[in-house]
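Note on naming: letters A, B, ... go to the chains in the order of the sequence lines (proteins, then strands), and numbering restarts at 1 for each one.
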Number of protein chains: 2
Amino acid sequence: MVATTPKGEARRVALLDAVIRVLEAGGPGAVTHRSVAAEAGVPAAAATYYFAGIDDLLVSALRRVTEHQVALFAHLRGHSYARFAAVLYDWTHIERASAIAQYELLFLAMRRHTLRDAADLWYQALEEAIAVVQPDARRGRVIALAVDGLILRMLWRGDPATLPEIEAALRDIVGGR
Amino acid sequence: MVATTPKGEARRVALLDAVIRVLEAGGPGAVTHRSVAAEAGVPAAAATYYFAGIDDLLVSALRRVTEHQVALFAHLRGHSYARFAAVLYDWTHIERASAIAQYELLFLAMRRHTLRDAADLWYQALEEAIAVVQPDARRGRVIALAVDGLILRMLWRGDPATLPEIEAALRDIVGGR
DNA sequence: CGCATTCTGGTACATTCGTTCCAATCTGAG
DNA sequence: CTCAGATTGGAACGAATGTACCAGAATGCG
């Protein structure tokens, strides 16, 4: 089902945002029609009215957070990697739910090839952002892998936790030996 | 509940192994008493008899796969990183279920601090294995991050897929600029 | 060999889930 | 303003889940 009215569309995105919040708190298993609807402040039936199934709801939410994140990384073009550290900090600590959702997407992509494109989109955005500070493609790919690992580590460990620490870690990664 | 008889202990590990296989195929949401018991070839009640709850079952299985993996990495000490590439290949392609389970653990550790220690164990094992080919601690940490990102990428993307490709990627990572 | 303990395998139940259905309400184009 | 279609909100359903329970079988210690 696709929303045609403005209010309907507003409810759609309210539901998708709610999915991200539920996802952060309880993981994919906690994403149910009822929990998401309650989080969004809409009746439970709305989740089934706007989305074909619980699966469609989850996939749509992950696509949405990816597009949002890709847009954020696109703004990074032309800036130094000091600003890159700030973006990483905001993402993994302020907008933590969004970051966690992003990596849940990668896990889902392991089992569902439908999500490969969305996952690729995110990874390409990361590589392009890195290309600003490291033009060499081969070296850039390695940095992208390390940054990926760094983000993952910040998410499950909460470390590095401060902006200076992240900058230092990024300096080690980009700086090479 | 803790098994005291040899046969009981065998059932415990059979259940834990089944959890890993179910985890690979369907993610944490697919891990239920009944699905795991069916996969292990034991009656459903066995899963509740040997484990306090579905949660205990999941956590125990992830701890087990971590210990197994840490032991495998420990054997790596004193070898070249060419052999390291072979171990990575086996893990992410032959024993894929084990690798996926390992990263599910990291995700679970985001929300449950009980799992922090187990997750730390894995990450330390990775860093120690890398210390063999790169003694410098600071540089080694960066490599560990990149290898972490590489593993994640291989899992959700299946790329790099061949042993030579992994060796090349590893060479780029370890080799520096 | 006897027997306390552990293990087995099946059933049962309350809960929660995804999904369907429908009458009432709202929206916006003509 | 009208009204056809979109949206709402609640109820209800079958299915699947976690867990508790129990009578019988197997086990291993003395």
OP1 or OP2 of C:dG9 under 4.0 Å from side-chain N/O of B:Arg11: yes

Residues in ring pair (Phe, Tyr, Trp, His ring centres under 6.0 Å) contact with B:Phe107, at least two apart in sequence or another chain: A:Phe107

Does [X] have any salt bridge (Lys or Arg N to Asp or Glu O under 4.0 Å) partners at least two apart in sequence or in another chain, and if so, which?
X        : result
B:Glu167 : B:Arg171
B:Arg96  : none
B:Arg153 : B:Asp159

Find the distance [X]:[atom1] to [N]:[atom2] and express it as a whole number of Å.
X       : N      : atom1 : atom2 : result
A:Phe51 : D:dT7  : CZ    : P     : 12 Å
A:Arg12 : D:dT7  : CZ    : C1'   : 14 Å
B:Tyr49 : D:dT19 : OH    : P     : 17 Å

Protein-to-nucleotide contact annotation, 5' to 3' order, nucleotides 16-22 of chain C [B base; S sugar-phosphate only; - none; under 4.0 Å, heavy atom]: -BBBB--

Under 3.5 Å, sequence neighbours excluded: what are the donor-acceptor pairs made by side chains of residues 142-150 of chain A?
{"residue": "A:Asp148", "atom": "OD1", "partner": "A:Tyr103", "partner atom": "OH", "Å": "2.4"}

Terminal helix-axis angle for the helix from C:dC1-D:dG30 to C:dG30-D:dC1, with five pairs defining each axis and rounding to 10 degrees: 30°

Linked hydrophobic residues, A:Leu121 as query - side chain contacts closer than 4.5 Å: A:Val70

Inter- and intrachain pairs under side chain to side chain donor-acceptor pair (under 3.5 Å), touching residues 28-47 of chain A, at least two apart: A:Arg21-A:Glu39, A:Thr32-A:Ser35

N-O pairing of A:Arg138 and A:Glu127 below 4.0 Å: no

Sequence-distant partners of A:Asp117, side-chain contact (heavy atoms from CB on, under 4.5 Å), two or more places apart: none

Results of side chain to side chain donor-acceptor pair (under 3.5 Å) for A:Gln102 - residues two or more places apart only: A:Thr66

Sorted by number, the residues of residues 16-29 of chain B with heavy-atom contact under 4.0 Å to DNA chain D: none

